[in-house]
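One structure is given below, encoded as structure tokens.
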Amino acid sequence: MSDETANQGIPAPQGTADIIETEYEIGQDNVDGSVGPFGYDIHNPVFLVSGAAVVAFVFFTLALPEQADAIFKAMFNFTTQNFDWFLIGSANIVLIFALLLVVSPYGSIRLGGSTAKPDYTYAGWFSMLFAAGMGIGLMFYGVSEPLTHFSTSAGGTALDGDMRTDWAPLGGALDDQAASIRLGMAATIFHWGLHPWAIYATVALALALFTYNKGLPLTIRSAFYPIFGDRIWGWPGHVIDILAVFATLFGLATSLGFGATQANAGLNELFGVPMGNTTEVILISAITAVALISVLRGLDGGVKILSEVNMGLAGLLALFTLIVGPTAFLISFFWDSLKAYVEFLPALANPFGREDVNFSQGWTAFYWAWWISWSPFVGMFIARVSRGRTVREFIICVLLIPSFVCVMWMSIFGGTAIHQVIADNFSGAQDAELPLQLFKMLGELPLASITSFIGIVLVIVFFVTSSDSGSLVIDTITAGGKVDAPATQRVFWCIFEGAVAIALLIGGGLAALQSMVISTGLLFTVVLLVMCYCIFRGLQSERAEGK
Amino acid sequence: MPLFGEQRDMNMYKHIMVPVDLAHIDKSETALVVVADLAKLYDAIVTYVAITSNVPGPIAHNPEEFAHKLANFAKAQGDQRGHRTAAHSVVSPDPAVDLDKKLAGTVDEIGADLIVMSTHIPNMADMLLPSHGGALARHTGASVFLVRTH
């Protein structure tokens with residue numbers, strides 16, 4: 001894309017949006033220079049404080065593992081048990097807000113100004129946002145979650161005094177197989193469908209709007225300009241950005257650690273690769289090395305290509321499973337699941353007076369806090385690749401289409417696994433450990449060694465894209481919103497993520513830090529609700545300008 | 001013997017491309033002087049090329065504003081140094097990495113036959129990330145004149 005201009009008669013910028021006039025100059029707080037031959041251009045104090053805080057937390061977790069575990073677990077339990085209503089209610093508000101934007105007149109506002117052209121094709125754009133948002137999770141929970149909710153629903157409810165001790169969603173469906181399947185699928189889709197994507201879409205829209213239309217730097221703090229005004233360039237903004245870096249880095253590092261454990265389990269099952277720290281450290285190092293190459297190839301040459309390849313492979317795997325699996329069953333299963341989702345949605349999303357405390361706190365509140373703590377990272381990455389789309393197009397593509405794809409994915413993989421249980425009496429997938437359930441399910445289908453291998457490749461490449469896009473996001477935030485800072489900074493963050501993951505893997509503490517990351521989700525929930533208000537204000541001013 | 005000899009082709013170069021970084025233009029002063037001399041010698045047009053990201057940066061809030069500023073810069077250079085100028089801005093979603101590729105593509109796009117640009121003295125980092133001037137010389141058929149910055 002280029003814009004040729006001549007010396008004279010340059011038209012005034014057309015189609016630009018309602019820029020916020022601020023004295024702040026992007027990069028004014030940055031410190032630049034070089035360490036030896038390598039250049040840097042970093043925000044002061046966001047880079048140093050967030051980097052130092054991460055190192056301090058890793059040391060604390062490794063030096064005092066029991067205390068750290070106890071503190072972080074207590075924070076986690078406090079969040080999901082006392083604020084489940086707040087998390088569930090807030091996610092509902094965010095979803096309704098996003099859906100209203102689609103049908104409102106604000107839907108026609110274009111991100112980047114009225115004449116902005118999209119940077120990416122639909123295929124490239126969708127692949128990247130999907131790979132960053134959920135890719136890896138679907139590989140592991142696509143089989144496991146439908147099976148789990150199906151089983152707990154069929155198990156019905158159990159009481160200890162007045163307290164429900166079972167994990168069934170809502171009232172369960174004791175000994176009713178058909179009803180258990182419907183409830184189980186509704187519960188699964190609930191956690192992977194509209195709500196999480198609405199959370200991502202809202203954060204991404206806030207960032208895209210205030211960056212592309214308002215001219216503010218691409219950092220999380222910019223979305224809060226309507227509330228804080230120019231104070232956002234001071235400590236209120238620093239704190240928001242530091243928190244975002246913190247959540248992103250620990251979210252990535254813990255996922256990288258767990259992912260390596262899971263990929264190791266898959267490789268062990270398929271090829272007998274030994275289980276243990278050595279293999280996992282090698283896996284993390286290899287994933288980080290590939291991510292480094294991808295990082296140095298940039299958005300177009302790295303993460304975009306990998307995302308497209310992975311989406312193609314994932315699509316093939318789903319198609320293969322659909323064709324060689326119980327095809328007719330899966331097709332009706334898909335529609336039944338979708339209908340069940342719509343039917344149970346109001347009850348599952350109800351934040352108050354829930355009797356299914358284990359499910360609503362242990363699953364739903366956990367998931368909501370997890371998606372919300374990932375939202376700065378995924379939202380910022382989606383914003384980075386979404387210039388040129390209208391608000392309506394943006395919400396439809398970031399909220400509705402991914403939700404629909406998740407329903408398809410869960411129906412195909414979960415449906416096949418459930419069919420194996422109810423029609424073939426095969427409980428291999430159901431009885432297996434979580435990382436192996438996908439492979440056990442594929443093992444019952446033809447060409448199992450090939451499809452399982454593709455499964456492992458998908459897992460690993462999804463990790464590479466996460467590590468790559470995470471490095472881009474952290475680098476941008478810690479460079480004060482500059483996207484042209486020296487590429488060596490991305491290399492630094494990419495290696496840093498891998499190093500933190502390895503330290504936590506060897507020293508223990510992955511679970512503890514994951515609990516802490518989820519606890520930060522509560523804080524970000526407040527941030528998310530404020531963002532909805534800021535988006536509204538921002539869109540209002542765009543409309544007022546007639547743009 | 002005159003510096004350029006009797007056989008000098010006055011039209012040896014018709015279109016000179018000058019990649020510039022508007023944020024650090026002070027570092028390109030030597031190259032800007034050199035290119036002005038060459039442009040006048042060969043009566044060539046000088047196109048100033050700059051890459052911008054699609055997000056707000058220190059120079060501009062958006063690509064349109066960036067193009068406008070680059071055009072103003074080109075015009076000011078022409079007025080100050082007395083040669084014909086044009087401006088060409090290129091938008092990249094990821095300029096930190098895409099710069100070399102985008103510059104090489106621009107050479108063909110605008111039909112430049114000589115590139116003049118500032119470059120730093122080689123260092124260790126070039127082994128990992130080659131200098132932009134070096135990368136451009138490898139990927140284009142046009143002549144490349146690298147002017148050292150100190």
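Since the structure is predicted, the reported quantities are computational estimates derived from the model, not experimental observations. Numbers restart at 1 for each chain; the letters A, B, ... are given by sequence-line order, proteins then strands.
For A:V385, no part lies under 4.5 angstrom from a heavy atom of chain B. Both the backbone and the side chain of B:N54 come within contact range of chain A, judged by heavy atoms closer than 4.5 Å. When heavy atoms are compared at a cutoff of 4.5 Å, A:A383 does not approach chain B at all. Residue contact with chain B, scored on non-hydrogen atoms closer than 4.5 Å, involves the side chain of A:D32 exclusively. Interface remark: A:L299 contributes backbone and side-chain atoms alike to the contact with chain B (heavy atom separation under 4.5 Å).
Note that the CD1 atom of B:I59 and the CG atom of A:D484 stand 9.5 Å from one another [nearest 0.5 Å]. In this structure, A:L218 CG and B:S53 OG are separated by 8.5 Å, a value rounded to the nearest 0.5 Å. Atom OG1 of A:T211 sits about 11.5 Å away from atom NE2 of B:H61, to the nearest 0.5 Å.
Salt-bridge check for B:D94 with A:R490: passed, with a basic side-chain N closer than 4.0 Å to an acidic carboxylate O.
With a 4.5 Å cut-off on side-chain heavy atoms, B:P56 and A:L216 do not count as touching. Residues B:P63 and A:R387 have side chains in contact (heavy-atom distance under 4.5 Å, counting atoms from C-beta outward). Within the 4.5 Å cutoff, side-chain heavy atoms of A:K482 are placed close to those of B:P58.
Considering every non-hydrogen atom in both A:V483 and B:P95, the closest pair reads CG2-CD, 4.2 Å.
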**Request:** Could you walk me through whether A:Y212 and B:V55 pass side chain to side chain contact (heavy atoms under 4.5 Å, CB included), step by step?
**Result:** CA-CA 6 Å; A:Y212 298 131; B:V55 307; 3.6 Å; yes
